[in-house]
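Encoded as structure tokens, the structure appears first; notes follow it.
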Amino acid sequence: MQNNNIVLMGFMGVGKGSLARLLAKETGRISIDTDDLIESMENTKIKKIFEKEGESYFRQAEKNLSTWLKKSVKDSIISVGGGFYQVGKLQKIGHVIYLESSFDAILDRINSFDNAKKKLKKRPLLQDMAKAKDLISKRHPEYMACADTVIQTAGKTSSEISEEIIKLLKLKN
Ligand code: S3P
């Protein structure tokens, strides 16, 4: 496993961040999230970066961050934004897990939260549902191509998924 890191990848709203935090707690590792890091680096929210600087600026920030992750981060659980895989060579950061789900299951998951509106609002690429549905179809084969492991998440709780990953990768004795 590259740098002993685990990279959680998948479409927006699939639950990468919550799972990363749970896995970190269960395995005694640190969890980090690329969107959170970019917001800290830029001192602003992702939504504002898209509005003010445009998507290509954000993608460049992801690229810069990937270089840093490859060089400087180890023993961690890293949740990455839904488009982060486009930086290329994700496996140089760590063992890549694709959290797979259908678009409908992702929407059901988001809508199950009290703050569902907020969760949708903060994601610029989840504003137009038809476009987002096309995006997940386009990305699915690309996610598959850069994954070391694929985990089906629909209908499972974060704890179930976390246990599945811990067993599969033997993360605990
Ligand atoms: C994006 C996903 C978002 C965030 C940005 C772009 C994408 O992260 O990086 O809004 O291109 O899929 P989440 O997957 O954590 O929502």
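Note that these values count all heavy atoms, side chains included, but never hydrogens, waters or copies made by symmetry. In each ligand, atom 1 is the first atom listed, and ligand 1 is the first ligand listed. These numbers come from a predicted model, not from an experiment.
At a 4.0 Å heavy-atom cut-off, ligand 1 touches F58 through the side chain alone. Residue contacts with ligand 1, taken as heavy atom pairs separated by less than 4.0 Å, involve R139 solely via side-chain atoms from C-beta onward.
Protein heavy atom closest to atom 16 (O) of ligand 1, with residue, atom name and distance, is R123 NE, 2.5 Å. Protein heavy atom closest to atom 14 (O) of ligand 1, with residue, atom name and distance, is K16 NZ, 2.4 Å. The single protein non-hydrogen atom nearest to atom 15 (O) of ligand 1 is D35 OD2, 3.3 Å, given as residue, atom name and distance.
Numbered from 1 in the order shown, with element, the atoms of ligand 1 that lie under 4.0 Å from a heavy atom of G81 read 8 (O), 9 (O), 14 (O). Applying the 4.0 Å criterion to heavy atoms of I46 picks out, from ligand 1, the atoms 5 (C), 10 (O). Those atoms of ligand 1 with a heavy atom of L125 less than 4.0 angstrom away are 7 (C), 11 (O).
Within the structure, salt bridge (Lys or Arg N to Asp or Glu O under 4.0 Å) contacts touching residues 155-166 (residues at least two apart or in different chains) are K156-E164. Annotation: salt bridge (Lys or Arg N to Asp or Glu O under 4.0 Å) contacts involving residues 66-82, sequence neighbours excluded, are absent.
A donor-acceptor contact closer than 3.5 angstrom is absent between the side chains of Y143 and E100. At a cut-off of 3.5 Å, with distance as the only test, no side-chain donor of E142 or Y98 sits close to an acceptor on the other residue. Between the side chains of R21 and S162, no donor N or O sits under 3.5 Å from an acceptor N or O.
Closest heavy-atom approach to atom 11 (O) of ligand 1 within the set M12, R59, E55: this belongs to R59.
At under 3.5 Å, not a single nitrogen or oxygen of P124, backbone or side chain, sits near a nitrogen or oxygen of ligand 1.
The environment of I166 atom CD1 is dense: over 12 non-hydrogen atoms of other residues, nucleotides or ligands sit within 6.0 angstrom.
Neither F113 nor F11 shares a network with the other; the hydrophobic side chains, linked directly or stepwise wherever heavy atoms of I, L, V, M, F, W or Y lie under 4.5 Å apart, form separate groups for each.
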